[in-house]
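Below: one structure, written as structure tokens.
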Amino acid sequence: MKNYIKKIQVIIVLTIMFSFNVNAQMYHNGIFYIINESECTAEVSFGLDSYGGYSGDIVIPENIERSFDNKIFTVKSIGVGAFSECFNLTSIEIPNTVTEICGRAFNECLRLTKFKIPSSVMTIANYAFYDCVSLAEIVCLAVVPPRIQSSNVFEGVDKSIPLYVRKGSKISYETADYWNEFTNIIEVETDGGEITPDINTCFEYNGLTYKITKKGEEVEVTYCEGKKYSGDITIPKTIAYNGVTYNVTVFRSL
């Protein structure tokens with residue numbers, strides 16, 4: 001009888017916690033979240049133990065469902081330090097429900113080479129991508145550049161890497177605080193959230209500059225302003241860049 005009463009008490013306590021605690025933690029498919037009961041929202045968290053717990057390829061869903069009552073929570077933010085010092089995190093997909101990337105969310109993710117910021121993101125907080133030294137390209141799908149809290153958000157990131165933005169929004173990024181530190185802002189068309197570089201788009205690959213002459217199919221080697229080629233150069237027949245394989249067709253202005 002005492003054990004039965006004790007079980008009932010535990011159930012009551014848990015029910016009260018989930019009913020009134022807006023900061024309860026929840027574990028779902030390998031990811032920790034902080035859930036807000038009243039707003040039915042969730043924030044990706046670093047978990048109960050410490051930073052650095054995530055690795056490999058991570059896909060964050062738009063919604064998560066709590067098992068005991070089937071309540072649905074919408075993922076709205078990447079929390080403070082959520083993926084901080086996750087040295088073995090290789091890729092991550094963020095849903096188009098996330099509006100905020102909080103402080104130190106991805107700092108020192110040393111194996112992260114690409115990052116796509118969905119169009120829903122409005123704010124990126126301090127040190128969010130600090131020392132992500134392997135980042136080779138960033139895609140930002142927001143027409144209006146997300147507000148960057150300070151210059152340290154991308155501190156340690158090479159500002160000459162391609163920053164892909166939606167067609168028609170390049171000027172907005174070139175004039176926006178801290179986004180304007182990137183020197184290789186490229187406008188692209190988008191198809192279902194994927195980027196499709198347009199004809200005449202230039203990019204650098206393995207020390208050579210290429211210009212797209214046929215979208216998604218062909219490129220030519222071209223001249224890079226302010227830079228002269230020297231030494232022994234090998235021009236390949238094909239290159240794979242940003243998930244697309246191009247045939248190298250002609251060589252101009254070398």
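We're numbering straight along the sequence, starting at 1.
Without hydrogens or angle criteria, Gln149 side chain to Asn126 main chain gives a donor-acceptor distance under 3.5 Å. Not one N or O on the side chain of Lys170 forms a donor-acceptor pair closer than 3.5 Å with the backbone of Gly168. For Thr113 (side chain) and Leu135 (main-chain N/O), no donor-acceptor pair under 3.5 Å exists by modelled atom type. The main-chain N or O of Leu110 is found under 3.5 Å from a side-chain atom of Ser134 such that the two form a donor-acceptor pair.
Between Phe154 and Phe182, the ring planes are perpendicular. Angles over 60° get that label, and only those under 30° would be called parallel.
Side-chain polar atoms of Asn184 and Ser160 form no donor-acceptor pair below 3.5 angstrom. If you check the side chains of Ser150 and Asn152, you find a donor sitting under 3.5 Å from an acceptor. Counting only N and O atoms by type, the side chains of Asn70 and Glu65 include a donor and acceptor under 3.5 Å apart. For Asn247 and Thr238, the side-chain atoms include no donor-acceptor pair closer than 3.5 Å. Ser91 and Asp57 share a donor-acceptor pair across their side chains, judged by distance under 3.5 Å alone.
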Decide side chain to side chain contact (heavy atoms under 4.5 Å, CB included) for Ile78 and Ile60; before the verdict, give the C-alpha distance in whole Å, the side-chain angles of both, and the deciding distance to 0.1 Å.
-> CA-CA 10 Å; Ile78 309 299; Ile60 300 171; 3.7 Å; yes
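Across all their heavy atoms, Ala136 and Pro162 have their closest contact at O-CD, 3.2 Å. Closest approach of Phe87 and Glu108 over heavy atoms only: CD2-O, 3.3 Å.
Aromatic rings of Phe115 and Phe129 (six-membered ring for Trp) have centroids within the 6.0 Å cut-off, being under it.
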